[in-house]
Undergrad: 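Starting off with a structure, shown below.
Remember, it's a predicted structure, so these values are computed and weren't measured experimentally.
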Amino acid sequence: MNLFAEVREAVVDALDRMAAEGALPHGLDLAAVAVEPPRDPAHGDMATNAAMVLAKPAGQPPRTIAEGLAQRLMDDPRIEGADVAGPGFLNLRLVPAVWQGVVRDILAEGTGYGRSGLGRGEKVNVEFVSANPTGPMHVGHVRGAVVGDALANLLAFAGWKVTREYYINDGGAQVDVLARSAYERYREACGLEPEIREGLYPGDYLIPVGEALKAKYGTSLLDQPEGVWLAELREFATAMMLQMIRDDLDALGVRMDVYSSEKALYGTGQIEAAIAELREKGLIYEGTLEPPKGKEPEDWEPRVQTLFKSTEYGDDVDRPVKKSDGSWTYFAPDIAYHYNKVKRGFDQLIDIFGADHGGYVKRMKAAVAALSQGRVPLDIKLIQLVKLYKGGQPFKMSKRAGTFVTLRDVVDEVGADVTRFIMLTRKNDVALDFDFDKVLEQSKDNPVFYVQYANARINSVLRKAREAGMAVDDTTLLAADHSTLSHPAELALLKKVAEWPRLVEIAARNNEPHRVAFYLYELASDFHGFWNRGNDESSLRFVQEDISLSQAKIALARAVGVVICGGLAILGVTPVEEMR
RNA sequence: GGCCCCGUAGCUCAACGGAUAGAGCGUCCCCCUCCUAAGGGGAAGGUUGCAGGUUCAAGUCCUGCCGGGGUCACCA
């Protein structure tokens, strides 16, 4: 249903015919031939670069190829114009019926319009959030959560089989700190004065954990040495923290398919097996690293460690998998975890990391390349900071945790829909400003409002028509005579919605869900512009005296609404029916 | 110092290697009370940080600089 892909097929077909007729050499590589919307509408509906791409391999001037191509494309009933322009572009104009047919396609498919088979059912694993289970999610996690979830939606829409996964970092020292912090809250619950020493987690969110511990253990753990309770509390507290994180994610509308535990990798031989696999490939050795140049740590001393030869796969230095005392570094379970994902049969892996983890990209890719024989690509998206503001002023206060603004703070303040949309209004690797006041503003500056308002207006038209006694259900609108949608403004709007399937594919190919948000904003903008024209030209209003004319126009509005709703669904944002 | 990301209009940001680099805000000018309304139309505004290179074609790819941010074994 991607019109651009369909026309590209026609172009390829015409090129094949030219080859068959001797106008072009046989066996040309057509991979670079593209059909895309021109920047300037005056250049027509679609443009192809075929002649320019093929000029050199075919040994012919671009214009010769373009003219031959134009002549053959004119045989296609969908194409009413083919002009050679510029350095060799072939600009195509399509008959209105093609664009009018888009209304039918959209109404027939509903919000599934734009679905693609691009992913060919391949399995992709999207790992995101993966926050330490030591406290509530904070704003820093929200953007990653939204980007990951929207990306997962997008890839599913584009034909991949998607698994959303959360890697629980419950194997390191930070969960010991959690356990000790919880122990102090437990003492507090027992009526003693808690000693929240430096280095422990001070947040109030551990108070309920202390109370739960008292309910379970009574006073039996008081005055017991750490060795007695540490493992037990670690287990208990991380379970509660994880539940809290799940609830937080739930409030944001994010549901993971799989939670993988780092701790569960220990003692099962998985880490050993992953390292053994690398060792077998000659990628593990005992060695000493050079200190980093230019910035030598104060306490640097050469140590013999077990190293992974990640430089074989493009990393800058080899990375330790064992500390000098022989225990695993954090990197070792990470390797094992990614090996585990490879072994589970994923065709593609995606990790969503905070930008502060940028230093781990190369080593992680090296590990996956080594363990999958280069067969499984790993794409890592780094998520830049979110800076909070309120009324233009930096905002750092937290209601709950004291030191940081939590996910709950944000969602409670502005709602999950607004949060999600705004988080997608920037490309992932650019910092984002989030102003609690601005995101709720009802104005054109606010993209969430602007898109929602377009949808509300569309619903308003439908309501209005229904009140006037007109049948405007999708079946009726589908059967309307769309050939009356011939005004340039109507055709322009149709061309915009027709770009949706193509946009889905581009966004999915690049793993960039923000493109969907930008597209929806553009579509909404076009729709509002069209709406406003109706003020001056009553013939462009949706509701007309003539019922069948109205139904065609309302079908157009409905088509725009369906695409907006489909796009919002990918972002995980609930469409608003009516502005309040 | 090494590595990674960013640098595009006064500001905030877009742009699958495609044509004359686009939006919003702000500025300036004009219009308006109109199906749903929190406005509408138009104008000015650019050497895409700098210098090379690849390409029919570079904001986009490569190299080197400049500026900002992040990160740098034995923490996750």
Undergrad: Over all heavy atoms of both residues, which pair between A:Arg93 and A:Gly44 is shortest? Give the atoms and the distance, please.
TA: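 Of all heavy-atom pairs spanning A:Arg93 and A:Gly44, the closest is CG-CA, 4.0 Å.
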Undergrad: Tell me what A:Val430 touches on the nucleic acid: a base, only sugar-phosphate, or nothing, going by heavy atoms under 4.0 Å.
TA: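 Sugar-phosphate only.
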Undergrad: Ion pair present between A:Asp351 and A:Lys341, side-chain N to carboxylate O less than 4.0 angstrom?
TA: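 A salt bridge is present here (some side-chain N lies under 4.0 Å from a carboxylate O).
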Undergrad: Specify the separation, in whole Å, of atom NZ of A:Lys496 and atom C1' of B:G22.
TA: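 In whole Å, B:G22 C1' and A:Lys496 NZ are 11 Å from each other.
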Undergrad: State plainly whether the residues A:Lys362 and A:Asp316 are in salt-bridge range, i.e. N to O under 4.0 Å.
TA: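 Looking at A:Asp316 together with A:Lys362, the answer is yes, because their closest N to O distance falls below 4.0 Å.
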Undergrad: Once you measure the plane-to-plane angle for A:Phe527 and A:Trp531, does it fall in the parallel (<30°), tilted (30-60°) or perpendicular (>60°) bin?
TA: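 Taking A:Trp531 first and then A:Phe527, their aromatic rings sit tilted (interplane angle of 30° to 60°).
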Undergrad: Using a heavy-atom cut-off of under 4.0 Å over every strand shown, decide if A:Arg515 touches base, sugar-phosphate, or nothing.
TA: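 Answer is sugar-phosphate: A:Arg515 comes under 4.0 Å of backbone atoms only.
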Undergrad: When all nucleic acid strands are considered with a 4.0 Å heavy-atom cut-off, which category describes A:Asn91: base, sugar-phosphate, or nothing?
TA: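 If one applies the 4.0 Å heavy-atom cut-off, A:Asn91 turns out to touch a base.
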Undergrad: Say you pick atom P in B:A23 and the same atom in B:A15; how far apart are they, in whole Å?
TA: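 One P to the other, the span is 15 Å.
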Undergrad: Can you figure out which of B:C3, B:C74, B:G18 approaches the side chain of A:Thr329 most closely?
TA: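 Nearest nucleotide to the side chain: B:C74.
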Undergrad: Mind checking the C1' distance from B:U8 to B:G59? Whole angstroms is fine.
TA: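 It comes out at 7 Å once rounded to the nearest Å.
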Undergrad: Using Watson-Crick pairs (N1 to N3, plus N6-O4 or O6-N4) and G-U wobble pairs, both distances under 3.5 Å, which stems of at least 3 pairs involve RNA chain B?
TA: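 Output for stems: B:1-7 with B:66-72, B:10-13 with B:22-25, B:27-31 with B:39-43, B:49-53 with B:61-65.
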Undergrad: Whether A:Lys323 contacts B:A73 is assessed here as follows: a side-chain N or O lying under 4.0 Å from the phosphate OP1 or OP2. Is that the case?
TA: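 Checking B:A73 against A:Lys323, no side-chain N or O comes under 4.0 Å of OP1 or OP2.
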Undergrad: Just checking A:Phe89 against A:His43, ring centres under 6.0 Å apart?
TA: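 Centroid distance A:Phe89-A:His43: not below 6.0 Å, so no.
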Undergrad: When you check the phosphate oxygens OP1 and OP2 of B:C5, does a side-chain N or O of A:Lys381 lie under 4.0 Å from one of them?
TA: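 No, because none of the side-chain N or O atoms of A:Lys381 sits under 4.0 Å from OP1 or OP2 of B:C5.
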Undergrad: Kindly say whether the aromatic ring centers of A:Phe395 and A:Tyr389 come within a distance under 6.0 Å.
TA: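 Aromatic pair excluded; centres sit 6.0 Å or further apart.
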Undergrad: Give A:Lys362 one of three labels, base, sugar-phosphate or nothing, depending on what nucleic acid heavy atoms sit under 4.0 Å from its own.
TA: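 Touches sugar-phosphate only.
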Undergrad: What's the CG-C1' distance between A:Leu424 and B:A14, to the nearest Å?
TA: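 Answer to the nearest Å: 15 Å.
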Undergrad: What's A:Val53 touching, base or sugar-phosphate or nothing? Going by heavy atoms closer than 4.0 Å.
TA: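 Here A:Val53 touches the bases of the nucleic acid.
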Undergrad: How many Å lie between CG on A:Asp40 and C1' on B:A23, as a whole number?
TA: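 A:Asp40 atom CG is separated from B:A23 atom C1' by 16 Å.
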Undergrad: For the P atoms, the ones on B:G67 and on B:A73, what distance do you get once it is rounded to whole angstrom?
TA: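 Going atom to atom, P in each nucleotide, I get 25 Å.
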Undergrad: Just to confirm, is there a sub-4.0 Å distance from OP1 or OP2 of B:C35 to any side-chain nitrogen or oxygen of A:His528?
TA: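 Answer is no, no contact under 4.0 Å.
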Undergrad: Which of residues 544-558 of chain A sit near RNA chain B, with a heavy atom under 4.0 Å from it?
TA: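 Contacts with RNA chain B under 4.0 Å: none.
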Undergrad: Pick base, sugar-phosphate or nothing for A:Ala355, based on heavy-atom distances below 4.0 Å to the nucleic acid.
TA: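 Contact class for A:Ala355: sugar-phosphate only.
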Undergrad: When you measure from the side chain of A:Tyr521 to the backbone of A:Val448, do you find a donor-acceptor pair of N or O atoms at a distance under 3.5 Å?
TA: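 Flag not set: sc A:Tyr521 to bb A:Val448 has no pair under 3.5 Å.
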Undergrad: Expressed in angstrom and rounded to an integer, what is the separation of A:Ile380 atom CD1 from B:G70 atom C1'?
TA: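 Rounding to the nearest Å, CD1 of A:Ile380 and C1' of B:G70 are 16 Å apart.
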Undergrad: With a 4.5 Å heavy-atom cut-off, do A:Phe353 and A:Lys381 have their side chains touching?
TA: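 Side chain of A:Phe353 against side chain of A:Lys381, heavy atoms only: no contact under 4.5 Å found.
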Undergrad: Could you tell me whether the phosphate oxygens of B:A14, OP1 or OP2, come under 4.0 Å of any side-chain nitrogen or oxygen in A:Arg426?
TA: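 It does not, given that no N or O in the side chain of A:Arg426 lies less than 4.0 Å from OP1 or OP2 of B:A14.
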Undergrad: For A:Tyr521 and B:A23, are the ring centres under 5.5 Å apart with planes inclined under 30°?
TA: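 The ring of A:Tyr521 is not stacked on B:A23.
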Undergrad: Of the options B:G1, B:A38, B:A19, whose atoms approach the side-chain atoms of A:Pro38 most closely?
TA: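 Looking only at heavy atoms from C-beta outward on A:Pro38, the closest nucleotide is B:A19.
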Undergrad: Should we count NZ of A:Lys390 as having more than 12 external heavy atoms under 6.0 Å?
TA: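 More than 12 within 6.0 Å, yes.
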Undergrad: Nearest whole angstrom, please: distance from the P of B:A23 to the CZ of A:Phe518.
TA: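 Answer to the nearest Å: 14 Å.
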Undergrad: Taking OP1 and OP2 of B:A14, is either one under 4.0 Å from a side-chain nitrogen or oxygen of A:Lys427?
TA: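 Answer no for this pair, as no side-chain N or O of A:Lys427 is under 4.0 Å from OP1 or OP2.
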Undergrad: Kindly state which residues belonging to residues 42-52 of chain A come within less than 4.0 angstrom of RNA chain B, counting heavy atoms of the residue only, listed by number.
TA: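 When residues 42-52 of chain A is checked for heavy atoms under 4.0 Å from RNA chain B, the hits, listed by number, are A:His43, A:Ala47, A:Asn49, A:Met52.
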Undergrad: Identify whether any heavy atom of A:His514 sits under 4.0 Å from a base atom; if not, whether one sits that close to sugar-phosphate; answer base, sugar-phosphate or nothing.
TA: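 It contacts sugar-phosphate atoms only.
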Undergrad: Distance criterion of 3.5 Å, no angle test: do you see the side chain of A:Arg303 paired donor-to-acceptor with the base of B:C74?
TA: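 Pair found.
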Undergrad: According to the interplanar angle, ranging from 0 to 90°, do the rings of A:His141 and A:His138 count as parallel (below 30°), tilted (30 to 60°) or perpendicular (above 60°)?
TA: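 Ring orientation of A:His141 relative to A:His138: tilted.
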Undergrad: Can you check the A:Asp435 CG to B:C25 C1' distance for me, whole Å?
TA: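 One finds 14 Å between C1' of B:C25 and CG of A:Asp435, rounded.
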Undergrad: Distance between the C1' atoms of B:G17 and B:A58, in whole angstroms?
TA: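 Rounded to whole Å, the distance is 7 Å.
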Undergrad: Please state the P separation for the pair B:C34 and B:U27 - nearest whole angstrom.
TA: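 About 28 Å, rounded to a whole number of Å.
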Undergrad: Going by atom type alone, with no hydrogens or angles, which donor-acceptor pairs under 3.5 Å involve a side-chain atom of residues 549-559 of chain A and a protein atom two or more places apart or on another chain?
TA:
| from | atom 1 | to | atom 2 | distance (Å) |
| --- | --- | --- | --- | --- |
| A:Ser550 | OG | A:Gln544 | N | 2.6 |
| A:Ser550 | OG | A:Gln544 | O | 2.9 |
| A:Ser550 | OG | A:Asp546 | O | 3.1 |
| A:Gln551 | NE2 | A:Ala471 | O | 3.0 |
| A:Lys553 | NZ | A:Glu490 | OE2 | 2.6 |
| A:Lys553 | NZ | A:Ser539 | O | 3.1 |
| A:Arg558 | NE | A:Asp474 | OD1 | 2.8 |
| A:Arg558 | NE | A:Asp474 | OD2 | 3.4 |
| A:Arg558 | NH2 | A:Asp474 | OD2 | 3.0 |

Undergrad: Only one of A:Tyr330, A:Phe331, A:Tyr167 passes ring-ring contact (aromatic ring centres under 6.0 Å, His included) with A:Tyr337; say which it is.
TA: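 The single option meeting the ring-ring contact (aromatic ring centres under 6.0 Å, His included) with A:Tyr337 is A:Tyr167.
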Undergrad: Taking the same atom, C1', in B:A19 and in B:U33, what whole-Å distance lies between them?
TA: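 Straight-line distance between the two C1' atoms is 42 Å.
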Undergrad: With a 4.0 Å cut-off on heavy atoms, is A:Glu522 in touch with a base, just the backbone sugar-phosphate, or nothing at all?
TA: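 Since no nucleic acid heavy atom lies under 4.0 Å of A:Glu522, the category is nothing.
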Undergrad: B:C5 and B:A44: how far apart are their P atoms, nearest whole angstrom?
TA: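 Taking atom P in both B:C5 and B:A44, they lie 37 Å apart.
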Undergrad: I'd like the C1' distance from B:C11 over to B:G45, given in whole Å.
TA: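 Rounded to whole Å, the distance is 13 Å.
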Undergrad: Check this one for me: any side-chain N or O of A:Arg39 less than 4.0 Å away from OP1 or OP2 of B:A19?
TA: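 Yes, because at least one side-chain N or O of A:Arg39 sits under 4.0 Å from OP1 or OP2 of B:A19.
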Undergrad: Taking any heavy-atom pair under 4.0 Å as a contact, classify A:Arg363: base, sugar-phosphate, or nothing.
TA: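 No contact at all - A:Arg363 keeps every heavy atom at 4.0 Å or more from the nucleic acid.
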Undergrad: Check whether any side-chain heavy atom of A:Ile335 lies under 4.5 Å from a side-chain heavy atom of A:Leu278, and answer yes or no.
TA: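 Yes - at least one pair of side-chain heavy atoms lies under 4.5 Å apart.
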Undergrad: Using a heavy-atom cut-off of 4.0 Å across all strands, would you classify A:Pro320 as base, sugar-phosphate, or nothing?
TA: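 Touches sugar-phosphate only.
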Undergrad: Can you name the side-chain contact (heavy atoms from CB on, under 4.5 Å) partners of A:Pro291, sequence neighbours left out?
TA: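 Counting only residues at least two positions away or on another chain, A:Pro291 forms a side-chain contact (heavy atoms from CB on, under 4.5 Å) with A:Glu296, A:Trp300.
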Undergrad: Which whole-number value in Å describes the distance from A:Asn532 CG to B:U33 P?
TA: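 Atom CG in A:Asn532 sits about 14 Å away from atom P in B:U33.
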Undergrad: What is the separation between atom CG on A:Asp536 and atom P on B:C35, rounded to the nearest whole Å?
TA: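 Going from CG in A:Asp536 over to P in B:C35 covers 13 Å.
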Undergrad: Ignoring backbone atoms, establish whether A:Trp531 has a side-chain N or O less than 4.0 Å from OP1 or OP2 of B:A37.
TA: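 So the side chain of A:Trp531 is within the cut-off, an N or O lying under 4.0 Å from OP1 or OP2 of B:A37.
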Undergrad: Can you give the donor-acceptor pairs under 3.5 Å from side chains of residues 49-60 of chain A to other protein atoms, not counting sequence neighbours?
TA:
| from | atom 1 | to | atom 2 | distance (Å) |
| --- | --- | --- | --- | --- |
| A:Asn49 | OD1 | A:Ala34 | N | 2.8 |
| A:Asn49 | ND2 | A:Ala32 | O | 3.4 |
| A:Gln60 | NE2 | A:Ala23 | O | 2.8 |

